[in-house]
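Here's the structure we're looking at; comments come further down.
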Number of protein chains: 2
Amino acid sequence: MTQIRTRPERGRSALGPALELVHTGRAPTRAVLTAELGVTRATAGAVAAELQHLGLITVDASPTTGAASQGRPSHRLGIAPDGPVVLAAQVHADGYRAALVGLGGQVVATTPGCGTVDADPAQVIGEAVAAGAGLLAGTGRRCVGAGLAVPSAVAEPDGTALNPLHLAWPVGAPVRGIFRDCLAEAGVRAPTETGFTGNDVNLGALAEHRHGAGRGSRHLLCVATGHRGVGGALVQGGRLHSGSSGLALEVGHLVVEPQGRRCHCGSRGCLDVETDPLAFLEAAGRTPGPESSLLHQSTELLRGAYESDESVRAAAHRLIDLLGLGLAGLVNILDPDRIILGGLHRELLRVDEERLREVVAERSLWRRGGAVPLLSCTLDHNSLVGAAELAWQPVLDDPLVLQEDVPC
Amino acid sequence: MTQIRTRPERGRSALGPALELVHTGRAPTRAVLTAELGVTRATAGAVAAELQHLGLITVDASPTTGAASQGRPSHRLGIAPDGPVVLAAQVHADGYRAALVGLGGQVVATTPGCGTVDADPAQVIGEAVAAGAGLLAGTGRRCVGAGLAVPSAVAEPDGTALNPLHLAWPVGAPVRGIFRDCLAEAGVRAPTETGFTGNDVNLGALAEHRHGAGRGSRHLLCVATGHRGVGGALVQGGRLHSGSSGLALEVGHLVVEPQGRRCHCGSRGCLDVETDPLAFLEAAGRTPGPESSLLHQSTELLRGAYESDESVRAAAHRLIDLLGLGLAGLVNILDPDRIILGGLHRELLRVDEERLREVVAERSLWRRGGAVPLLSCTLDHNSLVGAAELAWQPVLDDPLVLQEDVPC
DNA sequence: TCGCTTTGTGTGGGAGGGGAACAAAATACG
DNA sequence: CGTATTTTGTTCCCCTCCCACACAAAGCGA
C-alpha cells in the first residue's frame, strides 16, 4: 500500500539515545544533538521532530540566541512543559512522600512528607500511591510509569525488602509486588510494565548521575548514611551496578576499626556502626534521640558545634578518618572516578574536606584515592528522582512505546 | 554502478555477535546461531557465509548428525582450522611464555616457559615477542593482533605497570608502549591497533569466562594468588570490570585479620599477607624457599600433607577461614553469581570445599554467599588465553576489519 | 510412498540512515 | 547597506540491512 507519510519516518533507532541526551541536559540544541549522536543533520532533525510529535520535547525555532558565535543559530531543545510524567514514591523513617516527575528530573508536583509508619508495608505504600494518584488527577498529564524507593536492600528478581531500616516491616516483604498491586488498585496505568522498586541510596546515586553532581562520571561511587547504617551505590556507564541479585554495594560491613564495636553482622568495627549518625552522637558524648531523628540531630550538631565544641570536632575527625579508610578500600576495589557523599557523610565532607581527602589518598594503594574527586549530593529528594528514573527508563530505551494507543 | 555481487552482502551488523557466539562455543550449529542472534534464518545464513568467506569459521553441510531429533539436520559451525591467530605473551616470575591462539581460545602453538628474568622489561618482553614471531613464522597463519599479560596492575590509559610482582622492574614501567615497540620491531602487524596489555589475574578471569569455568556467568568474580599477594578480577556482562583507571579489583587489601601481620599498605591483616603462599608456609611451620617457587612449594605441601600432617591441616583451615571472610566481603560489595579461585586458593577449595563455603555463607550478609558457586580455574595458561582475548576483541567487535587488504 | 518437521535459500519490500545539494539565518567585512 | 562566510535546517536520492514470505531440501515416522 502506498501510504501517505504525514510524519518523518526516519530516525527510529536513534530515538532513545536522543531522548536521553535531552533528558540529561547534554543536548541543549539540535546542532549539539547532531554532534552527540554522531549522525547527519537530516537524521537528527527527523529524530527531534519525532520526539516533538510524541509530546516529549519542544523545538524552539527562533530563540534570539543570546550567546551566538556565528552562522545560523541552532534550534533550542527543551522538555515539553505538558509532557508525560511518572509517579515517584519514597518510603522513609517518618512516613512517605509522593511526587510527579517529568523528563529532566524535574519534580512537577509533590506531597509534603506524610507521617504514616506502619508494620504493614501495604499500608504505607498504598497511601503513597493514593497520594501520587491524587497529584496525577490534579494535573492533566499522562502517566508513563511509576517507581518506588525504599530504605532497604531490594533482592532481585523477586523485589523483596531484605533489611527494612527504621521500619517495622517484616523481613523479605515483597515490596515490588505490593507496589504494583497498589498501582493497579489506584488505577494507575502505564504503556509499559512498571512499578519499579529499588533501594533509596541506589536510586539517589542514579539521580545524582543523571541530573546532579555525578553528571558525566563513568564510574560513580555514592556512599550515604540514613539514620542508622551506611549505604552505597555504583553507577557505571549510566546504569546502576546492582550485582547478580540486586544486592551489590552493601558497603556497610567493610571493617574500618578492628577493635571497634560489635556489629550485628558478627564482625567488629564495620563502617555501618562506626560512621553512622548514632556513632557520631556517641563519640561526641551526646544522648541520641529517637531513631528517626538521628540524622537530623547529628547533622545539626555537626554544623552548629564543629567550630566551637572540642568534643564534636574530635568525634568528627574520628568519623572522617574511619570513613576515609572505608572509602579507600572501595577505591581499591571499584576504582571510581568520582565519589559522592550523602547524609551525615556529606556534612563530614563539608567540615573538613582536606582531612577526608588526605585519609582516602593515604589509605588507598598508590595514593590514587587522592585523585578521586569527593563531592556532596546536590539534588533535593534524590531518591525520589532516582525512583522516577527507573520509571522513565523504558521510555528512554524506546520512546515509541508512547505511540501506542493511549490507555488511560 | 551496477556491480556484480559475488558474495552475500547481507548480515553485516550481526557479524560480531555471531562470531562471538561461535568463539565462545554457544553456537554449534546454524540453527542455534539463528535462535541466539534472534534473526531470521536468511540473515543467519548470510552471516555464517560471510564469516566463512572471511576465513574465520567452517560450515559443514552434511555432518551425518549423530544425535538428530527430527527434521532436516542443521549445518555444523566450527572454527576454521587454518584461520587467523593472535600472538599472546605472558611474563611471570620465572621468565615468559609465548603462544599463538586461535578463535575459541585454542592454543595453536606455544613455547615452553623460558627463563629470562631481567630488570629491564624491554628485555623480557622483547624476547617473548621474538619467540611469538618465531612461532608465527613457523605456521603460515595470519596474525590479527597481540596481547600481553603481566604480573602487575596496569594503569589506564597509559598502560604502565604499577606493582610488578616478583620482577625487578621499575615501578611505572610503560609496558604497553614497550610491548608495542617490540611488536613493531619484530615486524608483527595487525589490521587494527593492537598490543593490548593487562594484569594476569584479570586476563585469566576473562579467559575463564569465555572458555572455562566462568561460561555463562554474568557477574564473575575471580580471586587468585601468585607466589606473593592476592589478585582479583570481575567480569561483568562479558567484559572486564577495569574501573576508571584499570585498577579495580585490587582485593588484596581487604582486612581479614585485624590483629594480623603488618602489610606494606600500612594496615594489618590484609588478604594479601594472610592468605598467600608465604602465609601458608609460615603458618604450617615450613621454611619458605625462593620467592619464585612459593606457589609450587605451597600447593605441593597442601596436596601432599593435608591428610597426614596436623600442622598443615591447621594452616589450611586458618587460610580457608580468612579467605572465606575476604570473599564474603567481596560478595557484599560485588554480588557475583559465581566465584572462581586460582593459585593456592584453588587448592584450598579442593581440600575443604565445605568449610570454605560455610565461612563465605556465614560471614556474608543474609548468608547469601552460601548461594554463590565456588569453582576452580579450569584452563591451562588462562592468563595467556585472556591476553589473546584482548587481541581478538577488535575482530569480535567487527569481523570486517579482516576484509581490508591483507597487510603482511 | 506420503506426510510432518526442521532447516537452508532466494526474492521483494520496508525501515533507517548517509551524502549531496540547496535553502535559511545569522555574523564579518568592505 | 550589500556581499561573502559560516553554520544550520531541509529535501531528495541512494545504499544497507534485515524481515516476511514462499519454496526447496533433508531427515524421521507410518
Side-chain angles (χ1 to χ4, degrees), chain A residues 1-18 27-53 57-77 398-400 403, chain B residues 1-18 27-53 57-77 398-400 403:
Chain A
M1 52 177 175
T2 53
Q3 77 283 17
I4 306 144
R5 297 195 176 172
T6 55
R7 287 185 295 111
E9 291 290 340
R10 303 164 66 174
R12 293 306 186 81
S13 80
L15 226 49
T29 68
R30 239 191 63 176
V32 175
L33 181 68
T34 305
E36 290 287 319
L37 285 177
V39 297
T40 59
R41 290 197 299 272
T43 302
V47 166
E50 179 78 22
L51 291 177
Q52 187 180 25
H53 181 267
I57 70 170
T58 59
V59 183
D60 277 355
S62 59
T64 47
T65 326
S69 57
Q70 204 182 352
R72 174 176 174 174
S74 186
H75 291 186
R76 194 153 288 277
L77 302 179
D398 178 17
L400 290 179
Q403 202 183 27
Chain B
M1 53 177 176
T2 54
Q3 78 282 21
I4 307 146
R5 296 192 177 174
T6 56
R7 291 183 294 110
E9 291 288 339
R10 303 163 66 174
R12 294 305 185 80
S13 80
L15 227 48
T29 68
R30 239 191 64 175
V32 175
L33 181 68
T34 304
E36 290 288 319
L37 285 177
V39 298
T40 59
R41 291 198 297 274
T43 302
V47 166
E50 179 78 24
L51 291 177
Q52 186 180 26
H53 181 268
I57 70 171
T58 59
V59 182
D60 277 356
S62 58
T64 47
T65 326
S69 58
Q70 206 181 350
R72 176 175 175 175
S74 185
H75 290 186
R76 194 152 289 277
L77 302 179
D398 178 18
L400 290 178
Q403 202 183 26

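- At whole-Å resolution of the value, CG in A:Leu15 and P in C:dA15 are 15 Å apart.
- For the atom pair CZ (A:Arg30) and CG (A:Asp60), the distance works out to 13.0 Å, reported to the nearest 0.5 Å.
- Here A:Leu15 contributes atom CG and A:Leu37 contributes atom CG; the two are 10.0 Å apart, rounded to the nearest 0.5 Å.
- Residues B:Ile57 and B:Ala48 approach most closely at CD1-O, 3.8 Å, considering heavy atoms.
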Below 3.5 Å between N/O atoms, which protein atoms pair up with nucleotides 5-9 of chain C? Just atom names and distances, please.
from  : atom 1 : to      : atom 2 : distance (Å)
C:dT6 : O2     : B:Arg72 : N      : 3.0
C:dT7 : O4'    : B:Arg72 : O      : 3.4
C:dT7 : O2     : B:Arg72 : NH1    : 3.1
C:dG8 : OP1    : B:Ser74 : OG     : 3.0
C:dG8 : OP1    : B:His75 : N      : 2.9
C:dG8 : O4'    : B:Arg72 : NH1    : 3.2
C:dG8 : O4'    : B:Arg72 : NH2    : 3.2
C:dG8 : N7     : B:Arg41 : NE     : 2.9
C:dG8 : O6     : B:Arg41 : NH2    : 2.9
C:dT9 : OP2    : B:Arg30 : NH1    : 2.6

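- Contact annotation: B:Thr43 side-chain N/O to D:dC18 OP1/OP2 distance is not under 4.0 Å.
- For A:Ser13, a side-chain nitrogen or oxygen approaches OP1 or OP2 of C:dG17 to under 4.0 Å.
- Between the CD atom of A:Gln52 and the P atom of D:dT10 there is a distance of 10 Å, rounded to whole Å.
- Taking the side-chain contact (heavy atoms from CB on, under 4.5 Å) definition, one finds that A:Thr58 meets it with A:Ala80, A:Pro81, sequence neighbours left out.
- Proximity of A:Leu77 to A:Val59: side-chain heavy atoms (C-beta onward) are separated by under 4.5 Å at one or more points.
- Looking at B:Thr29, its side chain never comes within 3.5 Å of a backbone N or O of B:Ser74 through a donor-acceptor pair.
- Regarding A:Leu37, its CG atom lies at a distance of 15 Å from the P atom of C:dG16, rounded to whole Å.
- When the C1' atom of C:dA15 is taken as reference, atom CD of A:Glu50 falls 13 Å away, rounded to whole Å.
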